[in-house]
Each structure stands twice: as structure tokens, then as C-alpha cells.
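Here the structure is laid out as C-alpha cells; the discussion comes afterwards.
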Amino acid sequence: MIQITFPDGSVRSYESGVTGLDVAKSISQGLAKKAVSIKVNGQVRDLSRAINDDATIQILTWDDKEGKATFWHSSAHLMAEAIEALYPGTKFGIGPAIDQGFYYDIDPGDQVIGAEDLQRIEKKMQEMAQKKSDYIRTEMPKTKAVAYFTEKGDQYKLDLLEDLEDGQITFYQQGDFTDLCRGPHVPNTEIIKAVKLTNISGAYWRGDESNKQLTRIYGITFPKQKDLDEYLLMLEEAKKRDHRKLGKDLEIFTFDDDVGPGLPLWLPNGAFLIEQLEWFAKKTEEEMGYLRVRTPHIAKENLYLTSGHLPYYKESMFPPMELDGTTYYLKAMNCPHHHKIFASSPRSYKELPLRLAEYGTCYRYEKSGELFGLMRVRSLQMNDAHIYCTKDQFESEFKRVNELYLRYFDVFGIDKYVMRFSTHEPSKLGKKYVDNPALWAETENMVRRVLIDSGIPYEEVPDEAAFYGPKIDIQIWSAIGREFTLATNQVDFAQPLRFNLTFTTSNNENEHPIVIHRAPLSTHERFIGFLLEHYAGKFPMWLAPKQCAILPIADRHIPFAQEVQTQLKKAGVRSQLDDRSESIGRKIRDAETGKIPYMLIIGDKEQEAGQVAVRKQGEGDQGSMTVDDFAQLIRQLVEDMH
RNA sequence: GCCAGUGUAGCUCAGCUGGUAGAGCAGCUGAUUUGUAAUCAGCUGGUCGGGGGUUCGAGUCCCUCCACUGGCUCCA
């Protein structure tokens, strides 16, 4: 007999060799039906595998994150089975579960699988799922596994096998499909009730651009049709938040073929947002001791040779311009210009930390396939600043920058993000990274300490640092789920050396400062794209281009409405007057869909009482009040930044 | 850049197997003067992404370029 400990701490005795499914059944039939896999001593396994020793277990279902992973991984196999049946000779790469579903990378050879094939595959999967095929786990020696895939001619699986240790290789089979796989899997296909293949795209084998591009098919499956319906509904809702749609509807920005891809044109509403953000950033930065500078959009090649960017970054820069025998580049980053400002006069330790800030305009030649609305563009304006400090000041300066981030995040209500701490890979010193092991270790430790001291949860990712130092990034997700770096905060001990930036210490010695690159409000482009989605177009009062719409009921109310507008303008409230000969219902509808926070309805009653009837966007009638009271309400909301 | 797809009026979209463009909204004009999410009528508007080809004839078929979309790769 063995002792099995459950998540609630209770312990039961079972025969040695009992399977996960038996254990689930012993608790309840319901659980046994829902169970997809089992966690045994922290390791997720098939329900059918025997448990031979005392163990702590947890039966996993669809409701568990790891249960979903099992479910989707098995679904990927089901999709592969369907593809093999429909497109014989297809070779298979990898087919993992992901956050929202699964994918399989396949090589259909000469056959082309396009979007219209997805429904066919979906149907086949549903048919196959109903056959209730068991997922059968087998083990075989590597030599036999190699022989199997050699016979099948699947070079991808052979490629994967090469990296596996000798010994027993596990396979899973369901129906006629057999796959090299670590597992685990659901007991049988029947549990997969609803299938949706979401999209199809290319993906390089093993993520390497120099490898062959395979066809990747993404899908998602559910144990109930209702879950799928809900998921599809959620996708629809997300599309409504897409900044590209909102940006068009709310007249924030546009693109034009004659201007060029990735070069946004800011419409008046967008320009207003930019100016409000700049006002806010400048005010905040001034409070925190930053000095504002301004630099040109281009510079000589030499500047980027000195900075070290050119070899690393050339592909991302616009092609050079030749002027009078000299090569110029459009700037892709502001730091070299700022370093030159630091270098423009002898610096004393008494001046440090020196914080130079600029909403600098940069141009980056992003590959055409990478452009994405406002989130990924070729002209961008960065909320940039460079802080030059001594090693002793570094930790407190870095901390101050973090505090600035948190302050901003509080103002904008940004709570769904991941703080990512990127460190270097010691074996790549001198290649990918500047060769200064001591400074890497020292600064990485300082950054880590700041994060821990501030109690900020973070994820550490090795080998993702900038070439000049470690960094932290704030990762966010767009409405349609694409990941972006919103803000960044980077340490740089390399460029001060390259530019030979120095300051005089209190001992009258020359020393190199450390530089912190920071862009807490990202770029105007990405930040406004993010805000559009974050607020679903309903900007807080201080950012709303129009704070209220004045809606006269009949034409005879227009003169009073104009008076109201004048009065509001004097009080600093931004309004828009709808003097069309339209019904009040229509005017309200247009203001509602235009996401204007407040509507002021003016009819006979209001005119007589010298008041306005206030309606709040999305909420409805709020009753009447005087214009002064309304202006006061708006001013208060602006002040609270709500 | 790569793979797959899309590209018809300002916007959202019809247009079957090739016979030479259509709706709703927006816009303009007029009527209407409205009480909390679309008043009515008339009119304007497109070298069907650009170029080339096949054909008696191309929005529809082929080639090519451009842009966009979904991913991959890469990054604020």
C-alpha cells in the first residue's frame, strides 16, 4: 500500500500501481470525467500511469492552468492526426500548448495549406475526437525512434531526436497518428468537444531565420461548445478595443500611402493627446530634477561609430545621406546626441546626477512585416532621458526612476504588465556584450537589489540585456494579445567609455559616469496606442480632447448654447457644440459613440433656469446643474487626473 | 525580410462560373425644430491599390510591384 497526499492535506491509502484515473474515480465520478492529467510530486503526468510510491498529487482539470496545457497539447496532436489524414506526407515540427490554445508547425511539402483549409481540418478534428481514441504512451530506445522517423522521412523529428539523450524515448499514439512527445496527454480524444483553428502563418524551424519556414497553424479547443462561443465573443470585444480601429473612429491618427508605411499622421485629436502627455511628462520630470534639452534629427556617421550603434543597429536605421562628402544618418536613438551635450563642457561631481530629458524624434527602419498600427512605427517620439551619475549615486538614481514609473502607472491605472529584468550571458562577453564582467555583475546586482527593495515583482530573463548593460522593461499586451515593451530603463557603462565622458571627482581625478537610459512613457506612438486600448477610447478628463458636447434640442436654443460654450471656455473646459438640425436622440448617439465624457443638453427648461442637463457617457442622465457647477466638476476631475 | 491572406466610394461591405459597378452610413442641398443612443427626401461621389499580360471583352483569370491583415524573425 502507498500513501497519497491530496492538495487539501488529506492522506489516503491505495494499492501500489494505482493509476491517476483510479485515484480520481475514488474521489468522484465527476472528477474522473473532468480529469485531464495528474500532478505527482510536482510533475505533470498521464492519468493512466501507475503510481508506485507514496506521493503528493493533484488531479488536474480544465480549470487548472496546467490542465489546460495538457488539454491543448493533446489537441495539437489531434490536429496533426487530422492533417496527416487530409494531407498525406506532411512532416511535423513541434506542436506545443501556448497561453491561448496551441499550434503545430508542419511542412506539407508541395501542398499549400491556406486559410480556407482550416475549416476542413477543423471538421476532421471534430470527427476524429468523437472516435474516442486513447492517447497511448510507449517508450522505445533512441535507435528505434531514429529508425521510425528515418523511414517516415521526417527530418524535423530527427533533428529534435538528435538533442535528446540516449535511452528511452517516449511516443504517443492516438488513432493512426504517432508522435515523438514527452507528454502528458488527456486519456482520450472525446474530451475535446469544441475546436477552432484561429490562424495560419509561417514560422521558421526552431525560430531561426536561416532555417526553412514551416506552416504554423494555431488553434484553440474547449471541453464545451459554450466555452468556445464565449472565447469568440471575447475576441470580438477585443477587436473593438483595437487602437487601429479606435484611432480611426475617434480621429486620432491616420496613415497615407504617399507619406509612407509606419509614418503616422497625427490628427488634431491625436496631436492634443501628445501635447497633454508632454505637458504632464515635462511637469513631472521638472519636479524630479531633469533638465530639458533639444537635439537635431540627424547626425554624422561618426557619431554612431563612436556610440557603437552602427555595427549593431545599421539595419534598423534609414539609409545614409551623403552631403558634401560626409555621411549623415537620421537618428534612431537620442543617447549619442545627449552624450555630446554632457561632453560639451567639463563636468564636476557637483553637477551629478545630471539628468537630460528630451521628447526626441527618432526614425527606425523597421522591417515591413513588423509594422503594427501605432505600436510599431518608423517615426517615433521618445519620452527619453539620460541620467549621468557616479557609481555611488547609481542605486538611488535607478530607484528614483523606478518610482517615477510606478507614479505614472498609478496615474494611468496601468496594472496589467510584467516587469522584465534582462541580464547578460557571461559566455557572450566581448561578442554580444561589452567585455566588462565586473561592471556587469555589479550593476546587475544593484538593479536586482532595487527591484527587491521596492517590492516590485519581476521576471529575470538571461541573455536579453542591451549590449551596453542590463535593463528592465515593462511588457504589455495589445488588445489582440500581441506583446510589446512599453517602457524601458537601461543601465549603460559602455557608452561613457566610448565617448570618453568624464567628470572630476572631489579628489580631482577624472572618472567615467554611469548612464541610465529611461523612457517610462515609452514613445508617443506606442503609449497613445496603448492608452487607446487601455481606456477603450474613453480617455480620462485631463486627456479627453473634447470634455463635453453641448447639445441644443432645437435651433432656438443655439444662442444660449453658444453662451454656455463661451462660459465653459473661460472656465477652461473643452467643449464641442452640435448645432446641426438633428434630433436630440441623434446628437446624443453621436456624442456617445464619439466617447465624449459628458453631454450637456439644452432645451426650454434649461434655458429658463440658466442650467444645463448633464448626461454622462455610458451612464445616462445625471440631472441639471449650473454651468459653473459643471465647470467645477470637470476641473475637479482634471485635477484628480480621472 | 519570410509564409499565408486581403485590397471595390470618406467608412462598413455586396458584386455567381469574365459581358464594362451597387447598398447602408458619412458628405452636400432642402424639408423638419425635435427632451436623453440613428427625422425624412433628393443629390454628389469610384481610371474597382499601381503597372503589365491573356481575351472580342477583366473588378472578376495570370504576372509583377505597393499597401494592409495574421503570424515568424527582430525591437520603444
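Every chain is numbered from 1 and lettered A, B, ... according to where its sequence line falls, protein lines coming before strand lines.
- Phosphate proximity of B:U39 to A:Ser583: present, with a side-chain N or O under 4.0 Å from OP1 or OP2.
- Each of A:Thr488 and A:Ile553 has a nearest nucleotide on RNA chain B; the 5'-most of these lies closest to A:Ile553.
- You'll find the side chain of A:Asp590 reaches within 4.5 Å of the side chain of A:Arg580, heavy atoms only.
- A:Gln100 places its CD atom 12 Å from the P atom of B:G71, with the value rounded to the nearest Å.
- Among the nucleotides B:U33, B:A76, B:U73, the one closest to the side chain of A:Ala554 is B:U33.
- Taking only distance into account, the side chain of A:Arg244 never meets the base of B:C68 through a donor-acceptor pair shorter than 3.5 Å.
- Atom OH of A:Tyr313 is separated from atom C1' of B:C75 by 6 Å (rounded to the nearest Å).
- Shown here, B:A9 forms no base pair; nothing in the strands shown gives a Watson-Crick or G-U wobble contact with both key distances under 3.5 Å.
- Under the Watson-Crick or G-U wobble criterion, with both distances below 3.5 Å, B:U55 is left unpaired in every strand shown.
- Residue-to-nucleotide contacts include no donor-acceptor pair under 3.5 Å from the side chain of A:Arg586 to the base of B:A38.
- Scanning residues 203-221 of chain A for heavy-atom distances under 4.0 Å to RNA chain B yields A:Ala203, A:Tyr204, A:Gly207, A:Glu209, A:Gln213, A:Arg216, A:Tyr218.
- Note on A:Ala591: nothing from the nucleic acid sits closer than 4.0 angstrom, heavy atoms only.
- Between A:Tyr363 and A:His297, the angle of the ring planes lies from 30° to 60°, which puts this pair in the tilted group.
- Checking B:A37, B:U32, B:G70 against the side-chain heavy atoms of A:Thr593 singles out B:A37 as nearest.
- Here B:G71 presents its C1' atom at 16 Å from CZ of A:Phe102, a figure rounded to the nearest Å.
- Partner of A:Glu592 under the salt bridge (Lys or Arg N to Asp or Glu O under 4.0 Å) criterion, out of A:Lys616, A:Arg586, A:Arg615: A:Arg615 alone.
- The gap from the C1' atom of B:G70 to that of B:A9 amounts to 27 Å, rounded to the nearest Å.
- Distance NZ (A:Lys314) to C1' (B:G1): 17 Å, rounded to an integer number of Å.
- At a threshold of 4.0 angstrom between heavy atoms, the contacts of A:Asn199 are confined to the sugar-phosphate backbone, with no base atom among them.
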Item to check | Intermediate values then yes/no, side chain to side chain donor-acceptor pair (under 3.5 Å), A:Lys605 and A:Ser624 | outcome: CA-CA 10 Å; A:Lys605 275 186 283 179; A:Ser624 290; over 6 Å; no
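- Looking at heavy-atom distances under 4.0 Å, A:Glu366 makes contact with a base.
- In this structure, A:Tyr388 and A:His386 have tilted ring planes: the angle between them lies in the 30° to 60° band.
- The pair A:Lys367-A:Glu209 meets the salt-bridge criterion, with a side-chain N (NZ, NE, NH1 or NH2) lying under 4.0 Å from an Asp/Glu carboxylate O.
- Looking at heavy-atom distances under 4.0 Å, A:Phe372 makes contact with sugar-phosphate atoms alone, never a base.
- If you take CZ of A:Phe530 and P of B:C75, they are 22 Å apart, rounded to a whole angstrom.
- A salt bridge between A:Arg206 and A:Asp208 is absent, with no side-chain N of the basic residue lying under 4.0 Å from a carboxylate O of the acidic one.
- Separation of the P atoms belonging to B:G59 and B:G50 is 11 Å when rounded to the nearest angstrom.
- Comparing atom distances between the A:Ile588 side chain and each of B:U36, B:C75, B:U34 picks out B:U36 as nearest.
- Between the C1' atoms of B:U60 and B:U6, the separation comes to 15 Å (whole Å).
- If you check distances only, the side chain of A:Glu606 does reach the base of B:G35 with a donor-acceptor pair under 3.5 Å.
- Classification of A:Glu237 and A:Lys240 as a salt-bridged pair holds, one side-chain N sitting under 4.0 Å from a carboxylate O.
- Among the heavy atoms of the strands lying under 4.0 Å from A:Lys248 are primed sugar atoms or P, OP1, OP2 only; no base atom is included.
- Here A:Arg355 does not pair with A:Glu285 in a salt bridge; the nearest charged N to carboxylate O distance is not below 4.0 Å.
- In this structure, A:Phe412 and A:Tyr535 have tilted ring planes: the angle between them lies in the 30° to 60° band.
- Across every strand in view, B:G18 sits unpaired, with no contact that passes the Watson-Crick or G-U test at under 3.5 angstrom.
- Atom OH of A:Tyr104 and atom CE of A:Met79 lie 8.5 Å apart (nearest 0.5 Å).
- Taking atom P in both B:G51 and B:C74, one finds a spacing of 38 Å when rounded to whole Å.
- Taking the C1' atom of each, B:C61 and B:C16 are spaced 15 Å apart, rounded to whole Å.
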Next on the checklist: Determine whether A:Asp154 and A:Lys91 satisfy the following criterion, salt bridge (Lys or Arg N to Asp or Glu O under 4.0 Å), listing intermediate values before the conclusion.
Outcome noted: CA-CA 5 Å; A:Asp154 194 327; A:Lys91 311 287 190 292; over 6 Å; no
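- One cannot find a donor-acceptor pair under 3.5 Å joining the base of B:U33 and the side-chain atoms of A:Arg556.
- Contact annotation for A:Thr523: base contact, defined as any heavy-atom pair under 4.0 Å involving a base atom.
- Heavy atoms of A:Gly585 sit under 4.0 angstrom from primed sugar atoms or phosphate atoms, though from no base atom.
- If you check B:U60 for Watson-Crick or wobble pairing at under 3.5 angstrom, you find it has no partner at all.
- Between B:U12 and B:A76, the distance separating the two C1' atoms is 33 Å to the nearest Å.
- If you check every strand for non-hydrogen atoms under 4.0 Å, A:Arg482 touches sugar and phosphate atoms only.
- A donor N or O paired with an acceptor N or O is found under 3.5 Å between the base of B:U73 and the side-chain atoms of A:Glu370.
- If you measure from atom CG of A:Leu118 to atom P of B:G70, you get 16 Å, rounded to the nearest angstrom.
- Here B:A76 presents its P atom at 15 Å from CE of A:Met317, a figure rounded to the nearest Å.
- A close approach under 4.0 Å does not occur between any side-chain nitrogen or oxygen of A:Gln622 and OP1 or OP2 of B:U36.
- Between A:Ile200 and A:Ala519, the one whose closest nucleotide on RNA chain B sits nearer the 5' end is A:Ile200.
- As rounded to whole Å, 14 Å separates atom C1' of B:C75 from atom CZ of A:Phe467.
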Report, one pair per line, the protein and nucleotides 65-67 of chain B atoms (nitrogen or oxygen only) whose separation is under 3.5 Å.
from	atom 1	to	atom 2	distance (Å)
B:A67	O2'	A:Asp257	OD1	3.4

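- Within the 4.0 angstrom heavy-atom criterion, base atoms lie near A:Arg364.
- At a threshold of 4.0 angstrom between heavy atoms, the contacts of A:Glu315 with the nucleic acid are absent.
- For the C1' atoms, the distance linking B:U55 with B:C68 amounts to 31 Å, nearest Å.
- Nucleotide B:G30: paired with B:C40 (Watson-Crick or G-U wobble, both distances less than 3.5 Å).
- Pairing partner, B:C2: B:G71, with both Watson-Crick or wobble hydrogen-bond distances short of 3.5 Å.
- Using a 4.0 Å cut-off between a side-chain N of Lys or Arg and a carboxylate O of Asp or Glu, A:Glu582 and A:Arg589 do not qualify as a salt bridge.
- A:Glu358 contributes a side-chain N or O that, together with a main-chain N or O of A:Thr295, makes up a donor-acceptor pair within less than 3.5 Å.
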